[in-house]
Amino acid sequence: MTSDAPVIVWLRRDLRIADNPALQAAVARGAPVIPLFILDEDTGWPLGGAARWWLNGSLTALAAKLAKLGTTLIMRRGAPDKVLRAIVQETGAATVLWNRCYEPAVIARDKAIKSDLQKGGISAESFNGALLFEPWELKTQAGNPFKVFTPFWRTAVSAPAPRKPLPAPKKIHGYGGKVTSDVLTSWKLPPVKPDWAVGLRDTWIPGEAAAQDHVDKFHEETVTEYVKSRDIPGETGTSRLSPYLAFGEISPHQVWHQANHWEPGAGQAGFMRQIIWREFSAHLLYHFPQMPEAPLRPAFADFPWTRDKKALRAWQQGHTGYPIVDAGMRQLWHTGWMHNRVRMVVASFLVKHLLLPWRTGEDWFWDTLVDADLANNAANWQWVAGCGTDAAPYFRVFNPVLQGEKFDGDGAYVRRWVPEIAGLPDAWLHKPWEAPDMELKKAGVVLGKTYPAPIVDHKTARIRALAAFKKIRTGD
DNA sequence: TTTTGAGTTGTTCGA
DNA sequence: GTCGAACAACTCAAA
């Protein structure tokens, strides 16, 4: 009799069919399955604009896939405890299954929900579908969480191998009764006025199928050159898997297992290392839940940040006068994504050249990135700012001109995103303010008019940053 | 408990 | 143009 009671699979950041432990467990019970997505806008960090756009596409793809398999995705908005209780009531479901999320606020919410459900006689169980290793599994010999990546990596790769991915169910036993679902469009996830998502639509296809396409393409075309090409923003030298991983349209297990079977080499190893970086960030957030809001090194509480709103706006809009920085910020705004190398350059620029708080950068990335992930975002901003556990040394100030010349020597990236200076020869492209008047004229560039003059002087800003960082060391 | 070696992605300066 | 050192000190993780 209980086997006929439906099972609710509460989908969250695991918007996929394959390698979905909660879904798999539900199907295995033989009972009708009710896949449910709840839009919870009150727990933790509310989704940023770009992520909301992505979610819309993800849910559309997921609903279509579930329909093909014989069931219907139910979508509701509201407080998850209330929604779950309502659906249990409506359907007589006896079980709720989900895959764990590891953000502090979500952990707390889910814990309360689990105990509430169980108190009400409903079976509730959670699974790991998001991490190769549980955050409490990898420990130093002294039993502490890792704070340094390299030993974390060594421990991860010598630990028992993560489980193999689960196959996608071929058929899902749908629920015959009636359950009401919101209409996705009523959530108004994508922007309307102004419609800033044009570039996102041109760049991305959310969903499980596209995620696997990215893995295949990366394997076929990119991985052997990865070590070098991953640093060249003008090329497609990276996997671009981040948004798919962030929404769980592919699992790290699927990626890890496939990569493990590729031909061994520096590219393969380097890529797998990046997957472990994702784990590292998630583990850090689990053990240091304050990471998104507060510097992990307490000394940074007193850092003399500036609050220059005009500079912040110039950075956000890609009008700093440093071409590589502006190119990155515009790529971000246009596509919801930025190349890894350039993320470092723009982040260093915000924190060190402009001395703006890393939290302002974190907030902007959170709102504009389709791959916005609380753990990665926080860990990486803290790394750049130097206040993380395993952070960049204070004297590492990226020189945006050198970075441009080194990694975008042919100017492909800057010319694509900063077209108003595209006519400049390579020699001046990354430092237009040094170009001879004649070259500027030929390229149709009028500094301060068609393209901004640098908002800070590199040398001056560097000295200022070093002085500021020295202050928190000595406590002067 | 103490010691030891090491720590994602850089820049600048002077020889 | 190339190369090595300095830029700091601290904390982490394992031996």
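Note on naming: letters A, B, ... go to the chains in the order of the sequence lines (proteins, then strands), and numbering restarts at 1 for each one.
- We find that CG of A:Leu284 is positioned 13 Å from C1' of C:dC12, with the value rounded to whole Å.
- When the C1' atom of C:dC10 is taken as reference, atom CD1 of A:Ile472 falls 12 Å away, rounded to whole Å.
- Neither OP1 nor OP2 of C:dC7 sits under 4.0 Å from any side-chain N or O of A:Arg396.
- In this structure, A:Asn144 reaches neither bases nor backbone, as no heavy-atom distance under 4.0 Å exists between it and the strands shown.
- For A:Gln141, counting side-chain heavy atoms from C-beta on, the closest listed nucleotide (C:dA14, C:dC12, B:dT9) is C:dA14.
- Closest to the side chain of A:Gln403, from the set B:dT9, C:dA13, B:dT11, is B:dT11.
- No more than 12 heavy-atom neighbours from other residues, nucleotides or ligands sit within 6.0 angstrom of CZ on A:Arg416.
- Nucleic acid contact class of A:Arg341 (heavy atoms, under 4.0 Å, all strands): base.
- Rounded to an integer number of Å, the gap from CG of A:Leu402 to P of B:dC13 is 11 Å.
- Atoms NZ (A:Lys459) and C1' (B:dG10) sit 17 Å apart, rounded to a whole Å.
- Looking only at atom types and distance, the side chain of A:Trp337 has a donor-acceptor partner in the side chain of A:Ser242 under 3.5 Å away.
- We find that CZ of A:Arg462 is positioned 7 Å from P of B:dC13, with the value rounded to whole Å.
- Atom CZ of A:Phe149 is separated from atom C1' of C:dA14 by 18 Å (rounded to the nearest Å).
- The local environment of CG in A:Asp437 is sparse, with at most 12 non-hydrogen atoms from other residues, nucleotides or ligands closer than 6.0 Å.
- In this entry the distance linking CZ of A:Phe146 with C1' of C:dC12 reads 10 Å, nearest Å.
- The side chain of A:Phe395 lies closest to C:dC7, out of C:dC7, B:dC13, C:dC12.
- Taking the six-membered ring wherever Trp is involved, the centroid distance between the rings of A:His334 and A:Trp196 does not fall below 6.0 Å.
- With both ends at atom P, the span from C:dA8 to B:dT12 equals 15 Å, rounded to whole Å.
- Nucleotide B:dT12 holds its P atom 5 Å from the CG atom of A:Asn399, rounded to whole Å.
- Using a 4.5 Å heavy-atom cutoff, the side chains of A:Val255 and A:Phe218 are not in contact.
- With hydrogens and angles left out, the side-chain atoms of A:Trp54 and A:Ser58 include a donor and acceptor closer than 3.5 Å.
- OP1 or OP2 of C:dA8 sits under 4.0 Å from a side-chain N or O of A:Tyr394.
- A close approach under 4.0 Å does not occur between any side-chain nitrogen or oxygen of A:His458 and OP1 or OP2 of B:dG10.
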So what's the dot-bracket for DNA chain C: Watson-Crick or G-U pairs under 3.5 Å, [ ] if a pair crosses, | if it pairs off-strand?
-> .||||||..||||||

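- A:Gln212 and A:Tyr244 are not linked by any side-chain donor-acceptor pair at a separation below 3.5 angstrom, with hydrogens and angles left out of the test.
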